[in-house]
Structures are given as C-alpha cells and as structure tokens.
Amino acid sequence: MKLANHCIAAVALTLAAAQAQADDVSALLKAADKYRMSSENMQVDTQISVFNADGTPDKERRYVVFAQAKHQSLVLMQSPAEKGQKVLMLGDDFWLLMPGSQRPLRITPMQKLLGDASTGDIATMSWAEDYGGAVAGEEPCGEPAQLCQHLSLQASRKGVTYQRIELWIGKARHEPVQADLYVQSDKLAKRARFVMDRPAAPTAVTEMLLSDQLTNKKETQVRYLARKEHTVPEAWLNPMFLARNPSLE
C-alpha cells in the first residue's frame with residue numbers, strides 16, 4: 001500500500017510539474033506575442049521585400065492585414081500586380097479571392113505570397129493560441145548576443161503554417177529574437193530573425209527576416225509599416241460576401 005501511495009504521489013508531482021511548465025510557456029508566449037500584436041483586433045500595414053543572395057533587391061509587395069480575434073484574418077493585396085486579391089483566414093480554413101471570380105479558392109497557410117513569406121506568415125500573429133511546449137533552456141542568441149530563453153513548441157491545432165517552432169526570446173523582456181520553423185515533415189523550412197523598434201527597450205517588432213533553408217538562399221523581409229486597433233465588419237469575414245463585394249463597399 002505504501003508503495004502504491006508513493007507511486008501515486010510521484011505521478012501527481014510529475015503532472016503538477018508538467019502543468020506548471022505548460023503555464024509558464026503559455027505566459028512567455030503571450031508576452032512575446034504582444035511585440036507583434038498589441039490588441040485582439042488590429043490593422044497591420046505590411047511590406048514584403050525579397051533580396052537576392054548578393055543583397056540586391058528582387059521584388060516587393062504591399063498588404064493590409066486585418067488580424068482579428070478567434071483565429072480570423074483578412075489580407076488585402078495592395079500592389080498593382082495583385083490588386084484586388086484577398087486572403088481570408090477563418091480558424092483552420094484559408095481562402096484566396098481573385099478579382100472577377102465568384103468562387104473563393106481553398107488554399108493552405110503555406111501558400112506563397114512572395115519570396116519565402118507565406119499567407120500564414122502574415123495572417124497569423126499569435127503563438128500563444130497556436131502552440132504549446134516546454135522551456136528547453138537558456139542560451140545566448142541574436143546579434144549582438146543576449147541571454148535568451150529557448151522554447152521548443154509544437155502546434156496545438158492543424159491550421160498553422162509550421163508544425164514545430166524552436167523559438168528564442170529575450171530573458172529580460174521576452175521579446176522574440178529568432179526562430180527555426182519546421183514544416184509537417186519536420187524539415188527545417190525557414191529561419192526567422194526579429195528586428196525590434198528599440199533594441200535597448202523594445203516595444204514592437206518592426207521586421208521579420210526569413211531565410212529559406214530548403215531551396216534558395218534569398219532573404220525575405222517582412223516589414224510592419226504601421227499598426228492600429230481596427231475591428232472589421234463581421235460580413236468581411238464571410239468568403240461568399242467577399243466574392244460578391246470585391247471592393248468592400
């Protein structure tokens with residue numbers, strides 16, 4: 001009986017420790033998320049630029065992203081080559097809406113926008129809602145190097161761009177510093193670096209730099225030009241409404 005009680009107590013302690021670890025990771029992710037999205041409903045004006053391996057510019061596009069609560073986002077494409085196109089994310093479902101088409105097209109969060117930036121890279125801006133995991137340790141990271149907490153994360157739902165993320169955040173302020181992004185096959189797809197507005201006292205991420213680890217050696221820069229709180233009309237989050245109202249008037 002004593003042995004059984006001892007085993008039960010040990011299991012209870014293990015479960016309690018695991019829950020404490022999960023709670024700790026959730027709190028750290030929420031802190032890191034605030035540097036990317038400071039409110040549940042945001043408008044984020046975004047520019048994506050692609051640079052060749054020698055640093056010369058290749059292509060550039062502009063987007064307006066309405067990141068909304070409950071895993072909902074609407075992306076409006078602004079550059080002449082894509083004008084009128086939209087991407088709608090509702091939970092695990094993604095649609096592409098083309099000008100002149102009455103039929104929304106199903107796509108995946110891995111659908112490329114430009115360079116190494118996919119729809120999921122700009123439509124989803126919350127790790128805390130999409131991932132769980134553990135603190136892997138503390139180690140130097142970033143340039144210049146600082147002491148970081150290394151979080152090993154697994155996707156908690158299916159409609160995410162990456163199944164696994166190794167994320168490093170600053171130990172003192174919990175700002176995101178860098179991340180290794182893995183796809184479903186557990187291959188390292190991209191490496192991300194995060195540029196802060198004020199490195200000494202950061203308040204927001206101004207850029208995410210993506211380097212492809214599978215095919216080319218180009219770098220993709222995702223710049224957040226402006227952010228403000230903005231809640232879109234509920235109708236805008238309906239794919240059939242968007243198909244019938246391409247100008248959103």
Side-chain angles (χ1 to χ4, degrees), residues 22-23 25-46 48 63-77 82 84-98 101-114 116-133 151 153-165 167 176 179 181-186 189-190 192 205 208 210 222 224 227-246 248:
D23 291 344
V25 169
S26 178
L28 290 172
L29 291 178
K30 287 177 181 177
D33 280 342
K34 288 185 181 295
Y35 291 96
R36 301 200 302 163
M37 190 169 168
S38 57
S39 175
E40 276 195 329
N41 299 300
M42 298 283 293
Q43 175 182 328
V44 185
D45 297 339
T46 305
I48 299 179
Y63 304 89
V64 176
V65 181
F66 297 105
Q68 306 290 288
K70 300 178 182 177
H71 300 108
Q72 301 177 112
S73 291
L74 175 63
V75 180
L76 307 182
M77 305 186 185
E82 303 173 322
Q85 296 182 37
K86 306 175 185 67
V87 171
L88 177 65
M89 180 194 81
L90 298 177
D92 294 334
D93 298 318
F94 284 73
W95 286 273
L96 173 65
L97 297 108
M98 302 292 292
S101 173
Q102 293 291 307
R103 186 176 180 181
L105 303 173
R106 290 269 191 166
I107 60 172
T108 74
M110 288 299 293
Q111 180 86 23
K112 288 291 183 73
L113 283 176
L114 186 69
D116 295 316
S118 63
T119 55
D121 286 324
I122 69 169
T124 57
M125 302 184 73
S126 172
W127 289 309
E129 294 183 355
D130 297 338
Y131 293 89
L151 309 182
L153 307 174
Q154 292 286 341
S156 56
R157 63 187 190 91
K158 65 178 183 178
V160 295
T161 314
Y162 309 105
Q163 289 302 304
R164 179 163 71 92
I165 296 178
L167 174 66
L181 309 170
Y182 293 80
V183 291
Q184 187 101 29
S185 61
D186 207 38
K190 306 171 193 174
V205 174
M208 177 172 64
L210 298 169
V222 181
Y224 307 109
R227 292 179 176 91
K228 65 180 180 181
E229 289 192 36
H230 188 109
T231 301
V232 302
E234 187 175 347
W236 288 20
L237 302 175
N238 182 316
M240 296 312 298
F241 174 87
L242 294 176
R244 293 192 301 266
N245 298 272
L248 291 180

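Computed from a prediction, not measured in an experiment: that's the story for all the values here.
Residues Met125 and Val44 are in side-chain contact: their nearest non-hydrogen atoms beyond the backbone lie under 4.5 Å apart. The side-chain heavy atoms of Leu210 and Leu181, taken from C-beta on, include a pair separated by under 4.5 Å. The side-chain heavy atoms of Tyr182 and Gln163, taken from C-beta on, include no pair separated by under 4.5 Å. Side chains of Asn238 and Arg244 form no contact here, defined as non-hydrogen atoms less than 4.5 Å apart. Looking only at side-chain heavy atoms (C-beta outward), Pro239 and Leu90 come within less than 4.5 Å of each other. Taking 4.5 Å as the limit, every side-chain heavy atom of Val160 sits out of range of all side-chain heavy atoms of Thr124. Residues Val87 and Met77 have side chains in contact (heavy-atom distance under 4.5 Å, counting atoms from C-beta outward). Taking the side chain as every heavy atom from C-beta outward, Leu167 and Leu29 approach each other to under 4.5 Å.
Glu229 contributes atom CD, which lies 13.0 Å from atom CZ of Arg227 (distance to the nearest 0.5 angstrom). Atom CG in Leu105 sits 8.5 Å away from atom CD1 in Ile107 (nearest 0.5 Å). Residue Trp95 holds its CH2 atom at 14.5 Å from CD of Gln111, rounded to the nearest 0.5 Å. Taking CZ from Arg36 and CH2 from Trp127, the interatomic distance works out to 4.0 Å, rounded to the nearest 0.5 Å. How far CD of Gln184 is from CZ of Arg164: 12.5 Å, rounded to the nearest 0.5 Å. Going from atom CG of Leu113 over to atom OH of Tyr63 covers 4.5 Å, rounded to the nearest 0.5 Å.
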Original post:
Can you check side-chain contact (heavy atoms from CB on, under 4.5 Å) on Leu248 and Leu242, steps first, answer last?
Top reply: CA-CA 7 Å; Leu248 291 180; Leu242 294 176; 3.3 Å; yes

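A donor-acceptor pair is defined here as one N or O able to donate and one able to accept, closer than 3.5 Å; such a pair exists between the side chain of Asp121 and the backbone of Ser118. Here the side chain of Thr119 pairs a donor or acceptor atom with the backbone of Thr108 at under 3.5 angstrom. Lys86 places a side-chain N or O within donor-acceptor distance of the main-chain N or O of Pro246, the cut-off being under 3.5 Å. The closest donor-acceptor contact from the side chain of Gln72 to the backbone of Ala69 lies under 3.5 Å.
More than 12 heavy atoms of other residues, nucleotides or ligands shown are found within 6.0 angstrom of CZ on Arg106.
Across all their heavy atoms, Gln68 and Thr231 have their closest contact at OE1-CA, 3.4 Å. The two residues Tyr131 and Ser156 have their closest heavy-atom pair at N-OG, 3.5 Å. Contact detail for Leu88 and Leu97: the closest heavy-atom pair is CB-CD1, 4.3 Å. When all heavy atoms are compared, the tightest approach of Met37 to Asn41 is CE-N, 4.2 Å. Minimum interatomic distance between Asp33 and Ser126 (heavy atoms only, all atoms of both residues): OD2-OG, 3.3 Å. A pairwise comparison of heavy atoms in Leu96 and Gln85 identifies CD1-OE1, 4.2 Å as the closest pair.
The one candidate from Asp130, Asp92, Asp93 that meets the side-chain hydrogen bond (donor to acceptor under 3.5 Å, both in side chains) condition with His71 is Asp130.
In this structure, Trp236 and Phe66 have perpendicular ring planes: the angle between them is above 60°, well past the 30° mark.
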